[in-house]
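Just so you know, these numbers come straight off a predicted model, no measurement behind them.
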Amino acid sequence: NFEKFGSKTVLKLKQSVILVIRVKMVMPIVDELRSGGMLEWEPYCKIRAADTNQKKMRELYEVLHSGGDKVKSAFYSQLEMQEPCLFRDLGKAP
């Protein structure tokens with residue numbers, strides 16, 4: 001999981017593009033982050049209001065970028081559960 005990739009993985013440009021394009025289960029991930037206390041109400045509403053998954057992921061990425069290792073770790077845990085194929089692909093990316 002997260003330790004395998006490290007907290008800096010989420011900030012790598014190539015993988016950020018992959019995340020924005022390929023994550024389809026954005027709201028289940030966001031809902032879990034919110035219920036786990038990792039996401040404040042205002043960014044949650046902003047993400048929810050975005051009209052495409054890519055826009056939702058861009059908003060979520062802003063939270064991940066500023067949220068610290070704990071938020072990134074929670075995100076990767078949810079990504080592994082919600083998007084297992086994508087999660088495996090990220091592990092193979094150079």
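In this structure, CG on Leu64 lies 11.5 Å from OG on Ser73, to the nearest 0.5 angstrom. A distance of 13.0 Å separates CE of Met38 from NZ of Lys72, quoted to the nearest 0.5 Å. Here the straight-line distance linking atom CD of Gln82 with atom CZ of Phe75 works out to 10.5 Å at 0.5 Å rounding. In this structure, the separation between CG on Leu39 and CD on Glu59 is 11.0 Å, given to the nearest 0.5 Å. Rounded to the nearest 0.5 Å, atoms CG (Leu60) and CG (Leu19) are 9.0 Å apart.
Screening residues 16-26 for salt bridge (charged side-chain N to carboxylate O under 4.0 Å, His left out), with sequence neighbours left out, gives Arg22-Asp89. Sorted by first then second residue, the side-chain hydrogen bond (donor to acceptor under 3.5 Å, both in side chains) pairs that include residues 32-43, not counting sequence neighbours, number zero.
Using a 4.5 Å heavy-atom threshold, the side chains of Asn53 and Val23 count as separate.
By the rule that hydrophobic residues join a cluster once side-chain heavy atoms approach within less than 4.5 Å of another member, Ile18 and Leu79 end up as members of one cluster. With hydrophobic clusters built from ILVMFWY side chains whose heavy atoms lie under 4.5 angstrom apart, Leu86 shares a cluster with Leu33.
Residues forming a side chain to side chain donor-acceptor pair (under 3.5 Å) with Lys55 (at least two apart in sequence, or on another chain): Asp51. With sequence neighbours excluded, the residues satisfying side-chain contact (heavy atoms from CB on, under 4.5 Å) with Met27 are Val30, Asp31, Tyr44, Ile47, Arg48, Lys56. For Lys70, there are no salt bridge (charged side-chain N to carboxylate O under 4.0 Å, His left out) partners at least two apart in sequence or on another chain. With sequence neighbours left out, the side-chain contact (heavy atoms from CB on, under 4.5 Å) criterion links Gln54 to Val20, Ile21, Thr52, Arg58.
A donor-acceptor pair is defined here as one N or O able to donate and one able to accept, closer than 3.5 Å; such a pair exists between the side chain of Glu83 and the backbone of Met25.
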